[in-house]
Amino acid sequence: MIILKSDYFSSHERLTRFINENQIKRADILVITQDSGMLIIFFYAEDTIKEITHGIFS
């Protein structure tokens with residue numbers, strides 16, 4: 001089932017890495033916004049798939 005997911009990042013580089021590593025298609029990205037220096041992405045994805053994420057120091 002396709003659901004709405006979100007995640008937040010401290011820099012454009014981390015956001016770009018997340019999108020590329022998880023092969024998130026442009027059509028699946030609902031919005032990318034910024035609040036208090038954090039970038040937040042809302043995107044559609046399968047609920048059974050766990051996205052690749054990295055720790056704060058990676």
Side-chain angles (χ1 to χ4, degrees):
M1 174 192 289
I2 302 279
I3 62 169
L4 180 64
K5 294 184 175 185
S6 66
D7 210 335
Y8 59 93
F9 303 89
S10 59
S11 70
H12 294 300
E13 292 80 14
R14 289 184 183 274
L15 173 61
T16 301
R17 184 175 178 184
F18 176 79
I19 291 170
N20 291 336
E21 285 184 343
N22 291 292
Q23 299 176 355
I24 298 172
K25 298 177 206 152
R26 183 183 299 231
D28 291 337
I29 298 173
L30 184 62
V31 69
I32 298 173
T33 188
Q34 188 170 9
D35 184 35
S36 301
M38 298 297 286
L39 294 157
I40 306 163
I41 182 172
F42 293 90
F43 61 99
Y44 294 109
E46 287 288 331
D47 62 345
T48 57
I49 296 175
K50 179 71 175 149
E51 285 75 24
I52 299 167
T53 58
H54 298 278
I56 213 163
F57 299 108
S58 61

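Scope of the values below: all heavy atoms of this structure, side chains included, with no hydrogens, waters or symmetry mates. If you read the sequence from its start, that first residue is 1, and numbering goes on from there. All values derive from a computational prediction rather than experimental measurement.
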**Q** Side-chain donor-acceptor contacts of residues 21-31 below 3.5 Å, not counting sequence neighbours, with atom names and distances?
**A**
residue, atom, partner, partner atom, Å
Glu21, OE1, His54, NE2, 2.6
Glu21, OE2, Arg17, NE, 3.2
Glu21, OE2, His54, NE2, 3.3
Asn22, OD1, Ile52, N, 2.7
Asn22, ND2, Phe18, O, 2.9
Asn22, ND2, Ile52, O, 3.1

**Q** Would you give the length of the straight line joining atom CZ of Phe42 to atom OG1 of Thr33, rounded to the nearest 0.5 angstrom?
**A** 7.5 Å
**Q** Check step by step if side-chain contact (heavy atoms from CB on, under 4.5 Å) holds for Tyr44 and Ile3.
**A** CA-CA 6 Å; Tyr44 294 109; Ile3 62 169; over 6 Å; no
**Q** Between Gln34 and Leu39 (side chain of the first, backbone of the second, donor and acceptor by atom type, cut-off under 3.5 Å), is there such a pair?
**A**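 Not a single qualifying donor-acceptor pair exists.
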**Q** Check the hydrophobic clustering (I, L, V, M, F, W, Y; side-chain heavy atoms under 4.5 Å; chains of links allowed) and say if Ile32 and Phe9 are grouped together.
**A** yes
**Q** Do you know which two heavy atoms are closest between Glu51 and Lys5, and how far apart they sit?
**A** OE2-NZ, 2.9 Å
